[in-house]
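Data first, discussion second: the structure below is written as structure tokens.
Computed from heavy atoms alone, side chains included, the values below leave out hydrogens, waters and symmetry copies. Lettering follows sequence order; numbering is per chain, from 1.
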6 protein chains.
Amino acid sequence: MPDPSRTLKVAIPKGSLEQPTIELLAKAGYEIYVSSRGLRPSSNDPELDLYLIRAQEIGRYLGQGFIDCGITGYDWAYENDVELIDLGELPYSRATTRPTKWVLVVPEDSPIRKPEDLEGKRIATEGVGITQRYLKERGITANVEFSWGATEVKVPDLVDAIVDVTETGSSIKANRLRIVDTLLTSFPHFYANPAAAADPWKKEKMDRIALLLKAALCARGKVGLKMNFPAARLPELLEKLPSLRRPTISQLSEEGWLAVETVIDEIVVRDIIPELKRLGAEGIIEYPLNKIVP
Amino acid sequence: MPDPSRTLKVAIPKGSLEQPTIELLAKAGYEIYVSSRGLRPSSNDPELDLYLIRAQEIGRYLGQGFIDCGITGYDWAYENDVELIDLGELPYSRATTRPTKWVLVVPEDSPIRKPEDLEGKRIATEGVGITQRYLKERGITANVEFSWGATEVKVPDLVDAIVDVTETGSSIKANRLRIVDTLLTSFPHFYANPAAAADPWKKEKMDRIALLLKAALCARGKVGLKMNFPAARLPELLEKLPSLRRPTISQLSEEGWLAVETVIDEIVVRDIIPELKRLGAEGIIEYPLNKIVP
Amino acid sequence: MPDPSRTLKVAIPKGSLEQPTIELLAKAGYEIYVSSRGLRPSSNDPELDLYLIRAQEIGRYLGQGFIDCGITGYDWAYENDVELIDLGELPYSRATTRPTKWVLVVPEDSPIRKPEDLEGKRIATEGVGITQRYLKERGITANVEFSWGATEVKVPDLVDAIVDVTETGSSIKANRLRIVDTLLTSFPHFYANPAAAADPWKKEKMDRIALLLKAALCARGKVGLKMNFPAARLPELLEKLPSLRRPTISQLSEEGWLAVETVIDEIVVRDIIPELKRLGAEGIIEYPLNKIVP
Amino acid sequence: MPDPSRTLKVAIPKGSLEQPTIELLAKAGYEIYVSSRGLRPSSNDPELDLYLIRAQEIGRYLGQGFIDCGITGYDWAYENDVELIDLGELPYSRATTRPTKWVLVVPEDSPIRKPEDLEGKRIATEGVGITQRYLKERGITANVEFSWGATEVKVPDLVDAIVDVTETGSSIKANRLRIVDTLLTSFPHFYANPAAAADPWKKEKMDRIALLLKAALCARGKVGLKMNFPAARLPELLEKLPSLRRPTISQLSEEGWLAVETVIDEIVVRDIIPELKRLGAEGIIEYPLNKIVP
Amino acid sequence: MPDPSRTLKVAIPKGSLEQPTIELLAKAGYEIYVSSRGLRPSSNDPELDLYLIRAQEIGRYLGQGFIDCGITGYDWAYENDVELIDLGELPYSRATTRPTKWVLVVPEDSPIRKPEDLEGKRIATEGVGITQRYLKERGITANVEFSWGATEVKVPDLVDAIVDVTETGSSIKANRLRIVDTLLTSFPHFYANPAAAADPWKKEKMDRIALLLKAALCARGKVGLKMNFPAARLPELLEKLPSLRRPTISQLSEEGWLAVETVIDEIVVRDIIPELKRLGAEGIIEYPLNKIVP
Amino acid sequence: MPDPSRTLKVAIPKGSLEQPTIELLAKAGYEIYVSSRGLRPSSNDPELDLYLIRAQEIGRYLGQGFIDCGITGYDWAYENDVELIDLGELPYSRATTRPTKWVLVVPEDSPIRKPEDLEGKRIATEGVGITQRYLKERGITANVEFSWGATEVKVPDLVDAIVDVTETGSSIKANRLRIVDTLLTSFPHFYANPAAAADPWKKEKMDRIALLLKAALCARGKVGLKMNFPAARLPELLEKLPSLRRPTISQLSEEGWLAVETVIDEIVVRDIIPELKRLGAEGIIEYPLNKIVP
């Protein structure tokens with residue numbers, strides 16, 4: 001029963017994470033409707049009050065308490081450097097399933113080989129805070145300047161090094177650059193403002209969202225597997241295929257046969273199916289899942 | 001066994017409902033192939049003879065008997081004002097799951113506050129019949145003129161009020177207009193020509209299509225839920241969660257555990273999963289459905 | 001456990017089959033990542049070394065042994081005329097589920113009515129080898145020239161006939177052309193180089209891929225069907241609906257009811273559901289499948 | 001000097017004529033700015049009050065006096081059947097420079113061969129008024145129904161004939177239809193409301209716009225041609241090339257040479273240039289024009 | 001003669017000004033070739049060494065001397081607050097010919113009515129420097145925070161006011177916001193680094209570019225007008241139409257007629273052409289211009 | 001006067017040269033209308049019978065006499081190796097004004113350093129004839145195989161070298177390849193079949209098209225320059241600026257001033273304008289040209 005008098009202010013990251021985040025929320029049961037110019041989306045849960053905010057700024061507005069909770073990268077929360085409650089990592093990303101990496105990059109033929117070589121140099125980056133904290137921890141003094149974009153083109157003419165984001169590293173290679181070090185590895189997290197987390201109604205609401213987001217993510221890359229199996233060979237099956245953890249086994253009407261059903265990583269299917277056939281499984285089917293409660 | 005000598009003439013609405021209708025038919029088991037300029041689609045059912053016709057005109061051609069049956073909005077069937085057999089409402093729409101509304105709209109600062117204020121005024125609308133019947137029922141005399149589109153821009157310079165379609169009302173607000181009244185709420189229906197409905201072969205064919213369309217629609221917004229559950233706590237589960245109507249319960253090989261499986265509204269999942277965990281459910285998974293026979 | 005020291009070189013057809021092939025591989029469990037200019041895709045299986053090569057050339061490079069295996073049309077393998085091991089037909093195509101046909105085409109009003117009328121004529125085609133072997137088998141001598149594309153426009157001004165590819169025949173009709181004969185019907189196949197097929201590690205790897213591709217294709221157009229059924233009427237069900245081959249039947253907790261589950265062709269569903277209801281089935285649901293192990 | 005207290009209400013046709021009309025106005029000196037959702041464009045002339053209205057409705061609102069003047073097709077003005085002042089034909093169109101034709105169309109194999117064959121038949125058209133007036137003039141009685149679009153697909157299943165718009169006739173041929181008669185040939189016109197035309201300030205303003213629109217249209221397909229020419233051969237030039245009407249001839253500093261300059265149809269240039277060279281012209285150049293005052 | 005040993009480092013603004021700047025340079029005689037990922041364009045002048053840099057950063061890199069000269073908005077040069085040589089304003093912009101305005105914006109119903117009401121408030125803006133200098137000049141203390149975009153949505157939930165860029169003000173009205181004050185009006189300028197401006201070779205090169213940019217801009221909105229005119233009425237023409245400043249007048253072969261040619265503002269043409277006809281001008285044509293040397 | 005009984009069959013290259021060729025023909029006075037699927041364009045010259053044919057095949061069909069004349073690259077005419085009449089080079093190309101180059105390309109680190117290193121190697125190329133003639137001239141024996149596209153990815157895995165087309169060389173660098181030699185440099189030419197060139201009517205028609213194509217190309221990169229100049233300094237002007245070849249000079253009404261007009265390369269304008277100002281020129285304007293008769 002929604003409580004009409006209460007709402008939770010939730011920030012969704014505008015930009016490259018926007019579409020994957022909206023799809024993840026849909027899988028979790030929350031349909032988000034973004035109108036063409038709209039920066040205040042609506043949803044199928046009247047208790048949610050939604051804001052589309054740049055990932056870079058969500059941490060700041062969470063810290064100031066204008067927003068109760070939101071999804072943003074660990075990197076930007078770190079850059080913002082405010083006190084937040086972490087409700088859990090959400091391991092998805094823009095295009096692949098790999099985390100975002102912040103890397104220190106120089107031209108292929110640069111004399112800079114290790115972080116210490118940055119002493120006295122000039123670095124351009126969109127993550128000024130990330131870079132300055134990294135240098136400080138190592139006792140290095142360098143000139144860090146904010147880059148508004150097109151960062152890769154700046155070395156070596158305008159700066160000595162850059163700190164930039166990469167998912168696959170392919171654009172770095174194409175520009176004939178070299179990675180010196182990785183400063184940070186980052187997935188999105190679901191963060192809360194501390195005061196909001198102290199409010200029982202908001203806390204329970206946020207915990208539920210976190211649970212469903214994790215259930216939806218958990219179902220990614222997993223599938224249901226179902227087969228008929230000769231009862232006599234069940235122990236052999238369980239011994240040989242430990243990845244079939246705790247299958248649901250039920251009696252079939254046909255004597256001597258069991259229905260075996262389980263959930264496994266999709267990537268394991270390609271290895272396990274030939275084994276199952278060898279052990280006598282019949283009618284093996286694989287079906288998709290929406291959520292797995294962790 | 002398809003009867004090669006018999007076909008059913010079916011109209012599909014061309015325009016904004018076209019894509020959702022074709023997707024719904026696909027879910028119901030009827031693949032429709034529309035070629036780039038083609039207005040006579042083909043399908044995977046040789047007994048169907050398909051026509052792409054504007055939603056506004058389907059009622060007319062059904063009434064005249066040139067087509068046996070078709071999907072069109074209740075609004076346009078009402079506008080056409082012909083005798084049709086209604087084989088059932090199909091609650092889907094262009095973008096959301098909300099019905100189309102025909103609303104009487106005026107500028108925010110117009111003196112028109114209630115339908116009676118329209119007396120002697122000029123109204124532009126794409127639904128001339130809908131508007132005239134509405135006025136007649138209320139004994140109001142006004143000048144209704146057909147609008148070829150861009151209706152919103154006509155108030156207040158060219159007409160005093162408009163009757164226009166809206167799903168969300170957002171464009172009305174953005175144009176600084178105000179809704180005075182709702183004339184009609186409309187979902188698509190599956191309609192038949194009376195003579196076609198009197199032909200047993202056509203009637204059975206149309207009933208089957210209607211059943212499958214409803215089964216496909218019924219599965220929208222519903223999901224399958226499956227879990228292992230301690231047998232001892234089953235009564236508590238059934239009592240506390242009445243939304244789990246008539247679950248399928250089967251024995252597991254493991255003593256004291258049951259497999260519980262049910263179909264529920266997707267929107268309920270986000271509330272029910274925390275409850276299920278509390279009651280002792282394990283291995284909860286949610287999976288998608290194609291059809292639910294109502 | 002992937003063997004880092006071993007890889008299988010696999011060719012994926014670049015062009016119109018590219019997207020459907022990548023989707024099929026994904027369904028089989030192999031995610032392929034193609035970068036914007038990249039002709040060397042990566043994947044989620046480190047043992048695969050992937051090449052995007054035009055379908056026309058895959059046969060050639062497989063024959064020369066530069067590639068171990070690959071997916072390409074039977075037509076192009078036949079055109080290339082090299083010795084390959086056929087690991088199985090994969091009945092999918094660009095847009096529909098129909099095979100590609102190579103047809104001999106002339107203008108509607110051409111005097112050419114049968115293959116023999118080609119004697120001494122000029123034919124343009126992208127499949128010079130296919131056409132020449134066809135003519136040779138029939139003892140016909142004609143002038144076959146390679147066409148770089150836009151083949152349809154060449155009759156009757158530049159050549160007397162063309163041999164061209166079609167899936168639906170619609171473009172042939174629109175150009176007022178006529179089909180004289182079908183030279184070849186072709187689906188993609190999974191082919192291996194003979195030397196690669198003699199290497200046990202590669203052979204096992206290729207067999208596994210072939211099995212999973214077939215399992216994914218097998219699930220296309222099939223669905224899972226699940227229902228509760230009165231135990232007493234089970235024999236009647238099985239007799240009347242032979243398409244429900246070998247359902248999985250398990251006991252329900254409720255006395256006298258069984259859970260019946262099976263996999264059937266999606267196209268049969270629209271005929272079978274009314275029957276099932278008549279026989280007393282309840283809670284009929286249809287759900288999608290990813291793979292069916294054949 | 002713009003008079004801030006006075007404005008002229010001008011309608012621009014929304015839809016397929018919109019872009020060419022805005023480009024023509026720009027050539028005439030009036031820059032029109034249409035915002036993304038805006039139906040009330042702004043311009044670089046503060047005395048203009050602009051409306052984007054469907055071509056079909058401009059005649060109606062001009063007749064009612066809500067708009068002072070506007071550009072719309074002769075066909076739609078005729079369809080609307082209201083009294084308007086015609087300020088001149090503007091021979092441009094959507095894509096080509098050919099006028100729009102309203103044609104009576106039937107299937108290639110229809111028994112309808114001449115207008116009289118329509119007696120008692122059913123005709124679908126977007127131009128109900130145009131069609132009814134055409135039939136009335138010929139004493140033919142037929143059933144004319146309004147078509148909301150996709151008119152071509154309606155013959156022969158839903159109606160016996162259609163009256164539709166064509167610029168090139170190519171889509172008619174592709175659909176295997178046949179033209180029986182042409183009802184109307186139409187270019188856009190610049191029309192005024194009679195009361196507006198009686199207001200001196202508005203009349204002068206509209207005349208000026210009409211003059212500039214015609215000057216801009218006049219320059220389409222015309223170019224400037226400039227050359228040096230031996231004075232002695234001038235009479236021969238003027239005699240042989242009558243298309244060089246009234247050239248501007250001026251003295252050059254070089255003895256015995258004249259500068260000859262003229263405006264001609266671009267399409268004539270390809271024939272005249274070889275002649276000019278033969279007659280001794282040198283330094284022939286062709287340059288583009290914006291306006292030619294007629 | 002290009003000096004192969006010398007180059008001028010020129011920055012072109014990447015982003016919304018990029019395309020109009022490249023078009024302006026082309027009109028000035030400098031063709032710029034930008035490859036798809038390329039941030040180092042090439043050109044038809046081998047003495048230019050080009051960089052695509054964000055408008056926000058050009059001032060910084062000019063100030064540091066890494067670049068000799070570049071085009072960027074006055075606003076961003078002001079924001080960067082470095083010492084630059086101004087080689088001239090270039091009055092063009094993204095879409096229209098209006099300058100960019102930086103405006104202080106609040107919700108329509110905000111209590112903030114004048115700049116002083118900002119005391120103690122929170123302001124989000126992309127132009128932190130511009131905003132802080134504005135506040136400082138007025139002795140106002142407020143909290144200015146950097147906005148990464150989507151600034152408009154932040155009032156009133158996240159901040160009290162914003163300082164944002166506008167060309168037409170239309171998006172401000174659509175979002176129901178109100179402009180309190182204009183901080184800055186800005187066109188692009190051509191700026192040089194002081195050291196580069198002290199190098200004679202670079203200075204001459206930059207002056208030439210500046211002259212040609214201005215000549216190209218000067219020709220925007222101007223056209224050439226050419227006509228034949230009766231010699232006797234020339235004094236009357238020159239008296240009545242002072243906007244025809246200093247026309248080029250030459251003798252025609254025809255007695256009593258002159259060729260009159262001039263350059264005027266395109267916007268004046270619509271007023272002057274009716275006058276010219278009245279005064280006896282014939283053969284009036286208007287033609288486009290590329291450059292006018294100021 | 002078009003001769004309705006005679007037509008010239010003209011081939012236009014389909015593919016990357018299609019759009020620039022159609023634009024060039026338009027500048028020359030021939031408007032070409034290509035419908036969406038149409039491979040037989042129409043035009044504003046009824047004597048032309050147009051064919052869209054792949055550049056690779058135009059030479060073949062010209063040689064066979066099915067087409068009278070056509071525009072295709074010198075490279076493909078050379079590849080086709082047939083006897084054609086060359087009516088002139090047309091120095092335009094796809095994107096830039098640089099010719100197409102056919103280059104021998106290997107991986108950056110390949111041991112192949114000079115053509116002779118190809119002995120016994122395998123080469124993939126779309127230009128098999130070009131490559132074989134190149135090798136033969138040098139007495140090199142290598143295996144040349146036809147490549148259907150994506151040629152760059154084939155080195156070094158599938159072949160040792162490729163012969164590929166490049167305009168700018170940028171894609172070669174990006175793929176870490178190295179150019180060993182240039183086989184051919186090619187612009188489009190206007191070619192005729194020898195028999196067609198022997199027909200006087202066709203010959204005159206083709207010569208006229210050739211002249212106009214060259215006049216249109218000649219105007220590319222050239223502009224008209226016009227100024228008022230003090231008569232006394234004219235000799236100085238002509239001496240100092242030899243690039244102002246043969247200007248048109250006429251008397252102005254104003255004593256002591258001349259009107260000077262000329263056509264020059266656009267690229268020279270940026271150098272000459274400062275000089276002109278220094279010499280006393282006033283009212284300098286630059287205007288665009290359509291054609292210059294060479």
Side-chain angles (χ1 to χ4, degrees), chain B residues 1-2 25-31 33-38 40 42-48 204-205 207-216 218-219 222-226 229 231 234 238 245-253 258-263 286-294, chain C residues 93-98 166-175 219-229 231 243 248-255 257-261 263-290:
Chain B
M1 221 10 43
L25 281 161
K27 289 221 155 180
Y30 300 91
E31 295 288 344
Y33 310 118
V34 181
S35 64
S36 67
R37 288 191 63 155
R40 293 291 302 274
S42 61
S43 78
N44 63 352
D45 183 344
E47 292 179 350
L48 300 186
E204 203 216 312
K205 182 96 194 165
D207 282 346
R208 177 171 300 178
I209 295 170
L211 174 67
L212 292 161
L213 286 170
K214 284 173 203 162
C218 187
K222 290 218 164 54
V223 291
L225 209 61
K226 204 184 273 192
F229 204 79
L234 187 64
L238 298 178
R245 284 155 304 163
R246 308 198 50 207
T248 297
I249 296 163
S250 51
Q251 296 292 334
L252 287 182
S253 299
L258 299 168
V260 177
E261 188 160 1
T262 193
V263 166
E286 179 198 312
Y287 59 94
L289 301 173
N290 287 343
K291 292 200 189 76
I292 300 173
V293 180
Chain C
S93 63
R94 299 161 210 212
T96 68
T97 54
R98 280 173 268 191
T166 184
E167 271 191 37
T168 65
S170 69
S171 128
I172 285 169
K173 235 179 266 173
N175 281 293
R220 288 206 178 176
K222 289 215 167 53
V223 291
L225 208 61
K226 200 184 277 193
M227 74 204 78
N228 296 341
F229 205 79
S243 58
T248 298
I249 296 164
S250 50
Q251 296 292 334
L252 287 182
S253 299
E254 192 173 350
E255 194 70 35
W257 285 83
L258 299 168
V260 177
E261 188 160 3
V263 166
I264 62 171
D265 286 344
E266 193 184 1
I267 209 168
V268 171
V269 171
R270 61 192 192 205
D271 297 322
I272 225 170
I273 280 182
E275 292 296 321
L276 292 173
K277 280 198 77 171
R278 220 168 298 156
L279 289 165
E282 292 193 2
I284 309 171
I285 63 168
E286 178 198 312
Y287 59 94
L289 302 173
N290 286 343

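Between atom CD1 of residue B:Ile209 and atom CZ of residue C:Arg270 there is a gap of 8.5 Å, rounded to the nearest 0.5 Å. Atom CD1 of C:Ile267 sits about 4.0 Å away from atom CG of B:Asn44, to the nearest 0.5 Å. A distance of 8.5 Å separates CG in B:Leu289 from NZ in C:Lys226, rounded to the nearest 0.5 Å. Taking NZ from B:Lys27 and CD from C:Glu286, the interatomic distance works out to 9.5 Å, rounded to the nearest 0.5 Å. For the atom pair CD of B:Glu261 and CD1 of C:Ile285, the computed distance is 6.0 Å after rounding to the nearest 0.5 Å.
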Derivation of the side-chain contact (heavy atoms from CB on, under 4.5 Å) call for C:Ile273 and B:Arg208
CA-CA 9 Å; C:Ile273 280 182; B:Arg208 177 171 300 178; over 6 Å; no
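With sequence neighbours left out, the side chain to side chain contact (heavy atoms under 4.5 Å, CB included) criterion links B:Ser43 to B:Ile32, B:Asp45, B:Leu48, B:Leu50.
Looking at C:Ile284, both its backbone and its side chain come within 4.5 Å of chain B, counting heavy atoms on both sides. With a 4.5 angstrom heavy-atom cutoff, B:Tyr287 touches chain C only via side-chain atoms. Contacts of B:Ala26 with chain C are made by backbone atoms alone, with heavy-atom separations under 4.5 Å and no side-chain atom involved. Within the 4.5 angstrom heavy-atom criterion, atoms from both the backbone and the side chain of B:Ile292 approach chain C. Both the backbone and the side chain of B:Ile249 come within less than 4.5 Å of a heavy atom of chain C.
Counting heavy-atom pairs under 4.5 Å between each of C:Pro274, C:Ser250, C:Pro288 and chain B puts C:Pro288 at the top.
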